[in-house]
Q: 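Got a structure for you, written out below as structure tokens; questions coming shortly.
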Amino acid sequence: MTRVLLFAGLAEACGCRELPWPEPVLPGTVGQFEAALREREPRLAGARFRIAVNQRYARPEDALAPGDEIALIPPVGGG
Amino acid sequence: MIELSSQPIDASAVLAAVEGEEEGGVVLFLGRVRRSSRGQSVRHLDYEAYPGMAETELSALADEARTRLGAARVAIVHRTGRLGLGEIAVAIAVACPHRAQAFAACSWLIDALKARAPIWKKEWYEDGSQWISERP
């Protein structure tokens, strides 16, 4: 079971702070995961976000591993 | 000192965290909650952070300020939760041997924090609310 964490406006749009993603993510990259996620989750249609893996910003070509903590990071606004 | 805080920020504690005898220039930046925003009157703000990653990113920014900008000592504290007008949302203290480095590093740090730290701000008005990002 992979965890997909949501924050701020994305959590509000989806009505939850974590999306269920039961199947194993492997094999795949961050870019492939995002494409599958957007296809599966209509509430994310048009949403803008970066993806963090294990609490670091990830690139589309980065590989995912079982148990990774994946987070969708909408445009930030600290300060 | 790199931390998120659900409690009011004590600016003197942030300054104390960069004390030292080799640094002659100390710059403290405080970001406060402002009433006027985008033509609307703000009642209060909610800050949300990604616990763990937010501290990791803030630490990475502090490391970069040290190695690339010569900031000898850096402290960053960011509030979470609900803040009223005038409350301190973020405090950044930088101590350097000379003032020019300290001003430059502190200015870079607040810009980089706004662009990179996984922290979100929601503005509440009389008639609604919205999440705010300066870099959509």
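In what follows, chains carry the letters A, B, and so on, assigned in the order in which the sequence lines appear, proteins first and then strands, with residues in each chain numbered from 1.
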Q: Under the rule for side chain to side chain donor-acceptor pair (under 3.5 Å), what residues qualify as partners of B:R99, not counting sequence neighbours?
A: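 Residues passing side chain to side chain donor-acceptor pair (under 3.5 Å) with B:R99: none at all.
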Q: Might you point out which heavy atoms bring A:V76 and B:P118 nearest each other, and give the distance in Å?
A: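 Minimum heavy-atom contact is CG1-CA, 3.8 Å.
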Q: Do other residues, nucleotides or ligands put more than 12 heavy atoms under 6.0 Å from B:R32 CZ?
A: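 Count not over threshold, so no.
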Q: Please check if the side chain of A:Y57 supplies one atom and the backbone of B:R116 the other of a donor-acceptor pair under 3.5 Å.
A: yes
Q: Which residues from residues 10-20 of chain A are near chain B, with near meaning under 4.5 Å between non-hydrogen atoms?
A: A:E12, A:R17
Q: Are B:F103 and B:V74 connected in a single hydrophobic cluster, I mean Ile/Leu/Val/Met/Phe/Trp/Tyr linked by side-chain heavy atoms less than 4.5 Å apart?
A: no
Q: Between B:Q130 and chain A, with a heavy-atom cut-off of 4.5 Å, which part of the residue counts as in contact: side chain, backbone, both or neither?
A: neither
Q: Between A:R56 and B:A60, which heavy-atom pair has the shortest distance, and what is it?
A: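 Of all heavy-atom pairs spanning A:R56 and B:A60, the closest is NH1-CB, 4.5 Å.
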Q: Check the hydrophobic clustering (I, L, V, M, F, W, Y; side-chain heavy atoms under 4.5 Å; chains of links allowed) and say if B:L58 and B:F29 are grouped together.
A: yes
Q: Has B:W131 got a side-chain atom pairing as donor or acceptor with A:P74's backbone, closer than 3.5 angstrom?
A: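 Not confirmed, B:W131 side chain does not pair with A:P74 backbone.
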Q: With hydrophobic residues grouped by side-chain heavy-atom distances under 4.5 Å, do B:V90 and B:I88 end up in a single group?
A: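 Each belongs to a different hydrophobic cluster.
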Q: Just wondering, more than 12 heavy atoms not from A:E61 lying within 6.0 Å of its CD?
A: yes
Q: Please tell me whether A:W21 and A:L44 are part of a single hydrophobic cluster in this structure, the criterion being side-chain heavy atoms less than 4.5 Å apart.
A: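 Yes, because A:W21 and A:L44 connect within a single hydrophobic cluster, where side-chain heavy atoms sit under 4.5 Å apart.
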Q: Using non-hydrogen atoms and a limit below 4.5 Å, what part of residues 7-17 of chain B faces chain A?
A: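 Residues of residues 7-17 of chain B touching chain A at under 4.5 Å: none.
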Q: Only heavy atoms, only distances under 4.5 angstrom. Which residues in residues 35-56 of chain B are near chain A?
A: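 Heavy-atom contacts from residues 35-56 of chain B to chain A are B:Y47, B:E48, B:A49, B:Y50, B:P51, B:G52, B:M53, B:T56.
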Q: In this structure, would B:L61 and B:V27 fall into the same cluster of hydrophobic residues linked by side-chain contacts under 4.5 Å?
A: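 No, B:L61 does not connect to B:V27 through the hydrophobic network.
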